[in-house]
Amino acid sequence: MELNAKRIVLGVTGGIAAYKAAELVRLLGKQGADVQVAMTEGATHFVTTTTFQALSGKAVFTDQWDQRMPNAMAHIDLSRAADLILVAPASADFLARIAHGFADDLLSTMVLARACPLLVAPAMNLQMWQNPATQRNVAQLAADGVQLLGPASGEQACGEVGAGRMLEPEEILEEVIAFFTPKVLAGRKVVITAGPTFEAIDPVRGITNLSSGRMGYALARAARQAGAQVTLVSGPVAFAAPQGVDRINVRSALEMHAAVMGAVGAADIFIGVAAVADYRVANAAEHKLKKDTGGIPPIELVENPDILAEVAALPAAPFCVGFAAESRNLEDYAQAKRKKKNIPLIAGNLIQDGFGGDDNRLVLFDDAGVHPLTPAPKSVLARQLVEHIAHMTGNTDAHD
Ligand code: PMT
């Protein structure tokens, strides 16, 4: 659980996107957050307090004169207990009030009285968002250190299309998790390969492997949440790019090679997670091979470039991390690959532990020795590997 024991006050203001805040409570709770909902009077016209009470398991606060707090200071008690106040949706009116320091209802008073960070997810009609008054308020809030999440562009409840939509609950969750993640890779540029490659035999057939992309995508997400600027060069997989990550889609090893070489010049760190085909078909057919044209077609193979080894050999090479998937002798084979490719760090995994699934068992090999990580979901291992890399590349706040 990525938000274990984090105390989050979720402020809900009046707007049609308030119904999405109900899902957000559920998602935050699923990640272990302790969520206290506070609603403006306007929000209660869209969704009832009962909905939020049922989902958060806690009484909802709406009124600054609420008598449930023994000291009659709900605004102080609720905001003092919080690690974060998140307002989603944040209406134009609410942004205007907090930009000017108003404290005329419970939620705005809590925001003014807070000693914790504030994230807001604006949600409003396109014209309201574009109005210079709103833009002034938003600029003021940003200058005051308030973090804005979105808004997104798209179809709006009023029928218009454009900026002003609240981010989806899953996207807000990602931003909240990123907010709490230590920024051990702040300012670093990271290029990561992920997934399988597909080496064409003819226009519809090819040679590939069972890499799902999960490990590489988990690393891209973890590196971005740790503050890095991430480019993900991805073979064909079924996932959307992690939020905030630039993805370059490729199919073959040659395409992956070209994309990496184009992206890696400015990189501080390169992580090769992809299961790259060692060979491609030299005589790939232009047209679909037909079965009845005399005998089994011969497939000639030719070696693909070793992307990782080539990056590691660049004159100003980034810090290079490799992966090794083996079916046996993990330590011997992984160490041999580390040496052959001349890289400082390799993460070894057994095929039966790592290929395809959600979990993995990683062993890290570097000059300092062998570091087995406890078997865990790939998201957890990715965070640990990011910390290890940050530590090796000189971030003294990171621990392996
Ligand atoms: O995608 P998942 O289902 O989550 O599975 C993850 C994984 C098992 C694929 C991943 O954890 C992993 O181990 N990836 C490396 C697979 C492998 O064994 O690669 P390799 O031994 O062929 O290559 C060693 C290293 O060189 C790897 O970092 C690879 O990306 C890189 N390489 C290999 C060949 C090549 N032509 N170019 C490369 O850059």
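Counting starts at 1 for both ligands and their atoms, following the listed order.
Counting atoms of ligand 1 from 1 in the listed order, those under 4.0 Å from a heavy atom of Gly272 are 27 (C), 28 (O), 30 (O). The contact set between ligand 1 and Arg214, taken as ligand atoms under 4.0 Å from a residue heavy atom, comprises 1 (O), 2 (P), 4 (O). Near Phe355, with a cut-off below 4.0 Å to any heavy atom, the atoms of ligand 1 are 3 (O), 5 (O), 8 (C). Each of the following atoms of ligand 1 lies closer than 4.0 Å to a heavy atom of Gly322: 28 (O). Atom numbering of ligand 1 starts at 1 in the shown order; those under 4.0 Å from a heavy atom of Met215 are 4 (O), 6 (C), 11 (O). Within ligand 1, counting atoms from 1 as listed, the ones closer than 4.0 Å to a heavy atom of Pro305 are 35 (C), 36 (N), 37 (N).
The one candidate from Asp104, Thr13, Thr40 that meets the side-chain hydrogen bond (donor to acceptor under 3.5 Å, both in side chains) condition with Arg97 is Asp104.
Proximity of a side-chain donor or acceptor of Glu300 to a complementary backbone N or O of Ala282 within less than 3.5 Å is not detected. Ser252 places no side-chain N or O within donor-acceptor distance of the main-chain N or O of Phe198, the cut-off being under 3.5 Å. With Lys378 contributing its side chain and Gly357 its backbone, the two residues share a donor-acceptor pair below 3.5 Å. Formation of a donor-acceptor pair under 3.5 Å by the Glu303 side chain with backbone atoms of Asp278 is not found in this model.
Checking only distances, Ser212 does come within under 3.5 Å of ligand 1, N or O to N or O. Of the N or O atoms in Val276, none lie within a sub-3.5 Å distance of an N or O in ligand 1. The shortest N or O to N or O distance between Ala325 and ligand 1 is below 3.5 Å. Here's the thing with Ile307: one of its N/O atoms is less than 3.5 angstrom from an N/O atom of ligand 1. When only interatomic distances are considered, the shortest N/O to N/O separation between Phe323 and ligand 1 falls below 3.5 Å. For Lys378, a nitrogen or oxygen atom sits less than 3.5 Å from a nitrogen or oxygen atom of ligand 1, counting backbone and side chain alike. Checked against a 3.5 angstrom limit, the closest N/O atoms of Ala275 and ligand 1 fall outside it. By the 3.5 Å distance cut-off applied to N or O atoms, Thr193 is not counted among the residues near ligand 1. Between Leu308 and ligand 1, at least one N/O pair is under 3.5 Å apart.
Under a cut-off of 6.0 angstrom, the local environment of NZ in Lys337 is crowded, with over 12 non-hydrogen atoms contributed by other residues, nucleotides or ligands. The environment of Phe102 atom CZ is sparse: at most 12 non-hydrogen atoms of other residues, nucleotides or ligands sit within 6.0 angstrom. More than 12 heavy atoms of other residues, nucleotides or ligands sit less than 6.0 Å from atom CZ of Arg7.
In this structure, the protein non-hydrogen atom closest to atom 7 (C) of ligand 1 is Asn349 OD1, 4.3 Å. Of all protein heavy atoms, the one closest to atom 5 (O) of ligand 1 is Gly354 O, 3.4 Å. Residue, atom and distance of the protein heavy atom nearest to atom 21 (O) of ligand 1 are Lys337 NZ, 2.3 Å. In this structure, the protein non-hydrogen atom closest to atom 14 (N) of ligand 1 is Val273 O, 2.9 Å.
Applying the ring pair (Phe, Tyr, Trp, His ring centres under 6.0 Å) rule to pairs touching residues 232-252 yields Tyr217-Phe239, sequence neighbours excluded.
In this structure, Ala274 counts as a contact residue of ligand 1, since one of its heavy atoms falls inside 4.0 Å of the ligand. Using a 4.0 Å heavy-atom cutoff, Gly213 is listed among the residues neighbouring ligand 1. Proximity of Gly356 to ligand 1 is established by a heavy-atom distance of less than 4.0 Å. Residue contacts with ligand 1: Lys341 is included, with a non-hydrogen atom under 4.0 Å away. Within the 4.0 Å heavy-atom cutoff, Gly357 does not count among the residues contacting ligand 1.
The CZ atom of Phe365 sits 4.5 Å away from atom CG of Leu330, with the distance rounded to the nearest 0.5 Å. Atom CD of residue Gln31 and atom CD1 of residue Ile8 lie 10.0 Å apart, to the nearest 0.5 angstrom.
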Exercise. Starting from the C-alpha separation in whole Å, work towards a yes-or-no answer on salt bridge (Lys or Arg N to Asp or Glu O under 4.0 Å) for Glu170 and Arg26.
Key: CA-CA 10 Å; Glu170 294 78 8; Arg26 205 183 63 78; over 6 Å; no
Quiz prompt | Derivation and outcome, side-chain hydrogen bond (donor to acceptor under 3.5 Å, both in side chains), residues Asp366 and His371 | solution = CA-CA 8 Å; Asp366 58 24; His371 316 268; 2.9 Å; yes
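Neither side chain, Asn131 nor Thr134, offers a donor N or O lying under 3.5 Å from an acceptor on the other.
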